[in-house]
Number of protein chains: 2
Amino acid sequence: MSLKHQVARQARAGDETDDPADMTQQSRPVYLRLRDQIAAAIIEGEYPEGEMLPSVRAFAAEQGANPLTVAKAYQQFQADGLVEVQRGVGMYVVAGAAERLRRAEREHFLAEEWPELRARMARLGIEPADLFERG
Amino acid sequence: MSLKHQVARQARAGDETDDPADMTQQSRPVYLRLRDQIAAAIIEGEYPEGEMLPSVRAFAAEQGANPLTVAKAYQQFQADGLVEVQRGVGMYVVAGAAERLRRAEREHFLAEEWPELRARMARLGIEPADLFERG
DNA sequence: CCTGGTGCTTCAGTGACATAATACAGCGCG
DNA sequence: CGCGCTGTATTATGTCACTGAAGCACCAGG
């Protein structure tokens, strides 16, 4: 068996523990998973600007989640002004949301994640150049 | 008003920090933080092979954590056979642990993390050149 | 022996997370 | 208007990860 370190699979409430000997799994909360999923969809134009996002109920049914959980994921986008809420109608992607989102995530990645990622790669003996040479 | 349990793990989309009450930004569990820290120390030879790891109590006191939490972090290493437990004495780093650990983490990184990391970088429009201009 | 170090087990509390059921508020359309 | 869709608020329930405190089991040395 392999070493099981810093994996981050998903095994949240309601899931069965497939491995009784190892119950130490930090699972990503559902609403954060959904949030990332939606963010990626917006950036990639899957939800075009000006278009309506799936309703919380529809998206919840599609993802097998609770509408409240979906609402929690959506909430962060409206808090950031990336979607406009028309109560009783739906939530619409505002103009420039995709670019703003990409810019913000890009900045966050370069400033926060990359440094420690680079240190970790160095520790593991991985050269950054190697990663882009292979397919 | 917002939901009662808002976990503003944002710091990403949106520079308008609307809510200063930025509490637990998805704080990584302590035992996982410690585990990574120890893994890095083993790989870098800070805890040489054959040497004893700090006792759970000592390490807990040093890190300001609970001994049980430290034990939980250690547990994964002994489960993977990277440390040898001598009950009543201490936990010792087995021979070849550093290399095995590096190899395993490297493998995991390349197989699991890198693909989606690469996809995400592509989505964010990050070129390899961008990564080295800052470092 | 006994004392002090180790790891390890048991019991318990707190809070986040997710879900459910219910109800309310706003909008569009026939 | 009434119906059906939207998001939102409220309350309650259940589960589980995380953490902690106290105590047990083991070993070495005086």
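In what follows, chains carry the letters A, B, and so on, assigned in the order in which the sequence lines appear, proteins first and then strands, with residues in each chain numbered from 1.
The nearest whole Å value for the distance from the CG atom in L68(A) to the P atom in dC24(C) is 17 Å. dT6(C) atom C1' lies 11 Å from atom CE of M91(B), rounded to whole Å. Rounding to whole angstrom units, CD of residue E84(A) and P of dT6(D) are separated by 18 Å.
Among the nucleotides dG23(D), dC18(D), dT10(D), the one closest to any side-chain atom of P29(B) is dC18(D). When distances are taken from the side chain of V85(A) to each of dG7(D), dT19(D), dC8(C), the shortest belongs to dG7(D).
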Polar atom pairs between nucleotides 3-5 of chain C and protein, under 3.5 Å, N or O only, would you list them?
| residue | atom | partner | partner atom | Å |
| --- | --- | --- | --- | --- |
| dG5(C) | N2 | G88(B) | O | 3.1 |

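Distances shown here put every side-chain N or O of N66(B) at or beyond 4.0 Å from the OP1 or OP2 atom of dC18(D). OP1 or OP2 of dC18(D) has at least one side-chain nitrogen or oxygen of Y31(B) nearer than 4.0 Å. Note on T69(A): a side-chain N or O is less than 4.0 Å away from OP1 or OP2 of dT19(C). Put simply, Q78(B) has a side-chain N or O that comes within less than 4.0 Å of OP1 or OP2 on dC8(C).
Toward the 5' end of DNA chain C, the nearer of the two residues G64(A) and Q86(A), judged by each one's closest nucleotide, is G64(A).
Looking at heavy atoms from C-beta onward, I126(B) lies in side-chain contact with L110(A) at the 4.5 angstrom threshold. Side-chain contact between V94(A) and F77(A): absent, with no pair of heavy atoms (C-beta onward) separated by less than 4.5 Å.
Other residues, nucleotides and ligands contribute more than 12 heavy atoms inside 6.0 Å of the CD atom of Q86(B).
Closest of all the heavy-atom pairs between A73(B) and R35(B) is CB-N, 4.0 Å.
Not counting sequence neighbours, the partners of R103(B) by the salt bridge (charged side-chain N to carboxylate O under 4.0 Å, His left out) test are E99(B).
Note that the CE atom of M91(A) and the CE atom of M52(A) stand 10.0 Å from one another [nearest 0.5 Å].
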